[in-house]
Amino acid sequence: MNRLIEKVTLSKLDGSYIKLLNHLERQTLIITSQLPVVKWYEYIDDPTLTDTMMDRLTANASRIELKGESRRRKKQ
C-alpha cells in the first residue's frame, strides 16, 4: 500500500496521474493493508486523492476485513 501511495503521489507531480489510474483500473489486483480503510484518509492526507483511489480500487472489488487476535502470536 505504501508503494502504491508513493507511486500515485509521484504521478501527480510528474503529470502521469491519469495514465497511472487508467493502468490500475485495467489490472487484476489484490491489495492488502494492515491499515484499516477508515484510516486511509488520515494517512494519505488528501481527501480528493483518497476518494479517487477508493473509487478505482473498490468499484468492482470484494473487501475482506479480518478482525480478532493475531494468528501469528504464539500460544502459551
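In this chain, numbering begins with 1 at the start of the sequence shown.
Around atom NZ of Lys12, more than 12 heavy atoms belonging to other residues, nucleotides or ligands sit under 6.0 Å away.
Rounded to the nearest 0.5 Å, atoms NZ (Lys7) and OG (Ser16) are 9.5 Å apart. Atom CZ of Arg56 sits about 10.0 Å away from atom CG of Leu20, to the nearest 0.5 Å. Distance check: Asn22 CG to Tyr17 OH gives 10.5 Å after rounding to the nearest 0.5 Å. Interatomic distance, Ile5 CD1 to Ser33 OG, rounded to the nearest 0.5 Å: 7.5 Å. Between Leu24 atom CG and Ile31 atom CD1 the span is 7.5 Å, to the nearest 0.5 Å. Here NZ of Lys39 is found 14.0 Å from CD of Gln34. Values are rounded to the nearest 0.5 Å.
Follow the hydrophobic side-chain contacts under 4.5 Å out from Leu10 and you never reach Leu21; the two are in separate clusters. One hydrophobic cluster holds both Val8 and Ile18 under the rule that ILVMFWY side chains link at heavy-atom gaps under 4.5 Å.
Checking Asp46 against Tyr41 by side-chain atom types alone, no donor-acceptor pair falls below 3.5 Å.
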Please report the C-alpha distance between Thr9 and Ile44 in whole Å, then the side-chain angles of each, then the deciding distance to 0.1 Å, and finally whether the side-chain contact (heavy atoms from CB on, under 4.5 Å) criterion is met. CA-CA 9 Å; Thr9 301; Ile44 297 170; 6.0 Å; no
Going through the checks in order, is the side-chain contact (heavy atoms from CB on, under 4.5 Å) test met by Thr48 and Thr50? CA-CA 5 Å; Thr48 303; Thr50 308; over 6 Å; no
